[in-house]
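Notes to accompany the following structure.
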Amino acid sequence: MKENLTPEERRELQLNFWGALAMSVFAVAYLAASVAIPNISTAQWYDSPSLFPIVIGMMLLICSLIYLWQNRQGWKISPDDIEQIKKYFRSSTFLRLVIAAGTLAVYVFVLLGLRIGSFRLPYEAATFIYLFVTMAYFRPKGFAIWKIALISVVLSVVIGYGFSNFAKIPLP
């Protein structure tokens with residue numbers, strides 16, 4: 001491996017290494033979940049419902065381990081890197097990322113699953129709320145709220161109608 005790396009090359013190695021490490025952890029978790037898929041008693045290993053997920057998980061793990069090995073010099077983190085990481089976690093960019101992930105989580109786990117008695121929030125309404133809140137938060141200065149509301153309504157209706165009527169996919 002080359003020892004005299006430019007800061008950009010060193011940063012790329014670090015990102016590749018830590019990304020490959022995270023992917024390896026994900027692949028192991030995916031494999032564990034794949035192995036836990038129930039198998040019908042009459043099925044052989046080659047016609048088990050878990051075969052394809054296990055193959056995908058193994059390929060993902062092998063590829064991520066190869067990539068991890070290729071970028072093994074990237075494990076070193078200097079004090080300057082730690083300061084840059086701390087600065088990033090305090091930045092508005094990271095805050096916006098957390099808010100975007102949070103609104104998506106609320107949409108998937110709260111809005112799409114909202115049931116009060118026998119009432120269930122329709123998919124189109126949940127999608128409208130998610131789109132409106134997300135676009136309103138990330139809108140550029142001077143962009144009118146009524147345009148965001150209009151875009152959210154149109155997209156929600158088109159997506160809901162398209163999936164349920166054209167693609168014949170049942171929506172949550």
Inset, instruction - Decide whether a cation-pi geometry holds between Lys147 and Phe143; the criteria are a distance under 6.0 Å from NZ or CZ to the six-membered ring centre and an angle within 45° of the ring axis. - result: yes
Rounded to the nearest 0.5 Å, how far apart are [atom1] of [X] and [atom2] of [Y]?
X      : Y      : atom1 : atom2 : answer
Leu65  : Met23  : CG    : CE    : 12.0 Å
Ser24  : Ile66  : OG    : CD1   : 10.5 Å
Leu21  : Asn16  : CG    : CG    : 12.5 Å
Glu124 : Ser164 : CD    : OG    : 6.5 Å
Leu51  : Ile56  : CG    : CD1   : 10.0 Å
Trp18  : Leu13  : CH2   : CG    : 13.0 Å

Legend entry - Heavy atoms from other residues, nucleotides or ligands near CZ of Phe138 exceed 12 (cutoff 6.0 Å): yes
Legend entry - Other residues, nucleotides, ligands: >12 heavy atoms within 6.0 Å of Tyr161 OH: no
With a 4.5 Å limit on heavy-atom distance, are the side chains of [X] and [Y] in contact?
X      : Y      : answer
Phe26  : Leu60  : yes
Ile145 : Arg139 : yes
Phe94  : Ile99  : no
Phe17  : Tyr67  : no
Val35  : Ile54  : yes
Leu104 : Tyr130 : yes

Inset, instruction - Measure from the ring center of Tyr123 to the ring center of Phe163 and say whether it is less than 6.0 Å. - result: no
Any chain of hydrophobic side-chain contacts (each under 4.5 Å) joining [X] to [Y]?
X      : Y      : result
Leu155 : Trp146 : no
Leu95  : Leu97  : no
Ile62  : Tyr30  : no
Val98  : Phe89  : yes
Val157 : Phe166 : no

Inset, instruction - Give a yes or no on whether the backbone of Trp69 and the side-chain of Arg72 come within a donor-acceptor separation of less than 3.5 Å. - result: yes
Inset, instruction - Return yes if some donor-acceptor pair links the side-chain N/O of Thr134 with the main-chain N/O of Leu131 below 3.5 Å, else return no. - result: no
Give me the atom names and distance for the closest heavy-atom approach of [X] to [Y].
X      : Y      : value
Ser152 : Phe128 : CB-CD1, 3.4 Å
Gly57  : Ala27  : O-CB, 4.1 Å
Tyr107 : Thr127 : OH-OG1, 2.8 Å

Inset, instruction - Determine, stepwise, if the pair Ile148 / Tyr137 fulfils side-chain contact (heavy atoms from CB on, under 4.5 Å). - result: CA-CA 10 Å; Ile148 290 173; Tyr137 179 74; over 6 Å; no
Inset, instruction - Show your reasoning for whether side-chain contact (heavy atoms from CB on, under 4.5 Å) applies to Ile151 and Phe132. - result: CA-CA 8 Å; Ile151 291 168; Phe132 182 79; over 6 Å; no
